[in-house]
Colleague: 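I am attaching a structure below and will ask some questions about it afterwards.
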Number of protein chains: 2
Amino acid sequence: MPLTYFSHGTPAAERVNMVDLIRPDGYDHDFALFCAAHRRHNRDADRILAEYGLGRAHHRILFFLAVSPGMSVGDLCRTLDLTKQAFNPPLRTLLTDGWAEAAPAPEDRRRKQLRPTPKGRELEERLRNAKLAPFAAALDAAGPEAAAGWRAIMTSIAGTNLATLPPTPP
Amino acid sequence: MPLTYFSHGTPAAERVNMVDLIRPDGYDHDFALFCAAHRRHNRDADRILAEYGLGRAHHRILFFLAVSPGMSVGDLCRTLDLTKQAFNPPLRTLLTDGWAEAAPAPEDRRRKQLRPTPKGRELEERLRNAKLAPFAAALDAAGPEAAAGWRAIMTSIAGTNLATLPPTPP
DNA sequence: CGTAAAGGTCAATGCCCTTGACCTACTTTT
DNA sequence: AAAAGTAGGTCAAGGGCATTGACCTTTACG
């Protein structure tokens, strides 16, 4: 089944997630595919987050704490490109709900070392798996040479000048 | 050059867009690649939009008007999952700035047929090309068999149950 | 001791979205 | 023709989430 949007004349109720009939240009379909993949891998994680009353802001913090435990508040603010005022509410939720914990850094007790709790690690793992599972399944099923092609193309799309990209994963 | 985030111990200033050293799991790198590609293809379009004081909301409307000219306000609200109150400001901008135009539908003069002006089509084309160019270049450069693999994998990631995805392109 | 840094908090603001109510213009039903 | 319903626009109130600016405590360091 092809993937697209819709064409003029299609009833509004049926227009959602249909194929682009007006503009079947070379790469429009590939672009739509990319968008669909992106929404797919966000949807599952969002559902899990919603179970606990969390949002993507919490996930982003938890993600970086899992990758790099011990980051300070300032580190995370810079990494996520947030002010400390904006950063505080989601962090507070993570701390009071027991997803993360803070301890003063031994070498500089002004700084806080933030790290996920076991419960937080578990949640982050669940979220990560929800996002990774489609990649893992697709790349495994397609075989190593297709996976190599996929990686080459994705690297090319990502571009060489990665340093200029703002940091906003996941 | 590998693509990742950073590891604990990396100075905060250098942490942006570095490689994941702590968790080099199988598909974490692929996931990071996907995120980078996504940000890349948004960045260029955002820059163009900013030139004209527009945002992604305007782009989304313009995109659907280009794909399916003649949509009504209600059609677009349903498609974009917006209330008419939220939809009105960006639409107003598009109309008053000459990116789109409205005319009463001949068969039902309550409805408005919205369509891009030539100027609006041109902008949408620019935006679309900005988003498509990385795909086109990457897929062309990689050759047809790699492109086929890429498409198979992306289709697999997008999942079979596309109908359950909310409509939010581009 | 004085300065500076890390972190926290309060206030005001802006942007974008929501729901609810109410209005006009037009179409369809009765 | 009157009544009811639909498409669209607008006003008001409110929430979520980000911003800037100011001010505070705790800690580090010259």
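Throughout, protein chains are lettered first and strands after them, A, B, ... in sequence-line order, and every chain is numbered starting at 1.
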Colleague: Measure the distance from CZ on B/R56 to C1' on C/dC16 and round it to the nearest whole Å.
Modeller: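 Rounded to whole Å, this separation is 14 Å.
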Colleague: Applying side-chain hydrogen bond (donor to acceptor under 3.5 Å, both in side chains), can you list everything that pairs with A/N88, at least two apart in sequence or on another chain?
Modeller: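 Partners of A/N88 by the side-chain hydrogen bond (donor to acceptor under 3.5 Å, both in side chains) criterion come out as none, since no residue qualifies.
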Colleague: I need the residues from residues 82-93 of chain A with at least one non-hydrogen atom less than 4.0 Å from DNA chain C; give them sorted by number, or say none.
Modeller: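 Going residue by residue through residues 82-93 of chain A, the ones with a heavy atom under 4.0 Å of DNA chain C turn out to be A/K84, A/Q85, A/N88, A/R92.
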Colleague: Would you check if the distance from the ring center of B/F34 to the ring center of A/H41 is below 6.0 Å?
Modeller: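 Here the rings of A/H41 and B/F34 have centres that are less than 6.0 Å from each other.
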Colleague: Can you list the residues that meet the side chain to side chain contact (heavy atoms under 4.5 Å, CB included) rule with B/D140, with sequence neighbours excluded?
Modeller: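 Only A/Y27 meet the side chain to side chain contact (heavy atoms under 4.5 Å, CB included) criterion with B/D140.
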Colleague: With sequence neighbours left out, write down each residue that passes side chain to side chain contact (heavy atoms under 4.5 Å, CB included) with A/A147, or none if nothing qualifies.
Modeller: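 For A/A147, the residues satisfying side chain to side chain contact (heavy atoms under 4.5 Å, CB included) (neighbours in sequence not counted) are A/L139, A/R151.
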Colleague: 5'-most contact on DNA chain C: A/V73 or B/A57, nearest heavy atom basis?
Modeller: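 This one resolves to A/V73.
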Colleague: Applying ring-ring contact (aromatic ring centres under 6.0 Å, His included) as the test, list every pair that has at least one member in residues 66-86 of chain A; sequence neighbours left out.
Modeller: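 Counting only pairs at least two positions apart or across chains, no ring-ring contact (aromatic ring centres under 6.0 Å, His included) contact touches residues 66-86 of chain A.
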Colleague: Mind checking side-chain hydrogen bond (donor to acceptor under 3.5 Å, both in side chains) for A/D46 and listing every partner two or more places apart, or none if nothing turns up?
Modeller: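 For A/D46, the residues satisfying side-chain hydrogen bond (donor to acceptor under 3.5 Å, both in side chains) (neighbours in sequence not counted) are A/R56.
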Colleague: Going by side chain to side chain contact (heavy atoms under 4.5 Å, CB included), name the residues that satisfy it together with A/A57, two or more places apart in sequence or in a different chain.
Modeller: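 A/A57 satisfies side chain to side chain contact (heavy atoms under 4.5 Å, CB included) with A/P90 once adjacent residues are dropped.
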Colleague: Listing request: all ring-ring contact (aromatic ring centres under 6.0 Å, His included) pairs with a residue in residues 100-119 of chain A, at least two apart in sequence or in separate chains.
Modeller: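 The answer is none; no pair qualifies.
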Colleague: Name the first nucleotide and the last nucleotide along DNA chain D (5' to 3') that come under 4.0 Å of a heavy atom in chain B.
Modeller: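 Boundary nucleotides touching chain B, in 5' to 3' order, are D/dG5 to D/dC11.
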Colleague: Excluding sequence neighbours, so at least two apart, what forms side-chain hydrogen bond (donor to acceptor under 3.5 Å, both in side chains) with B/R111?
Modeller: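 Partners of B/R111 under the side-chain hydrogen bond (donor to acceptor under 3.5 Å, both in side chains) test: B/S72.
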Colleague: Please write out the pairs of protein N or O atoms and N or O atoms of nucleotides 26-28 of chain C separated by less than 3.5 Å, giving the distance to one decimal.
Modeller:
unit_1, atom_1, unit_2, atom_2, d
C/dT27, OP1, B/R109, N, 3.4

Colleague: Could you list the donor-acceptor pairs under 3.5 angstrom formed by side chains in residues 93-109 of chain B, with sequence neighbours left out?
Modeller:
unit_1, atom_1, unit_2, atom_2, d
B/T93, OG1, B/P89, O, 3.1
B/T96, OG1, B/R92, O, 3.0
B/T96, OG1, B/T93, O, 3.4
B/D108, OD1, B/R110, N, 3.1
B/D108, OD1, B/R110, NE, 3.1
B/D108, OD2, B/R110, NH2, 2.9

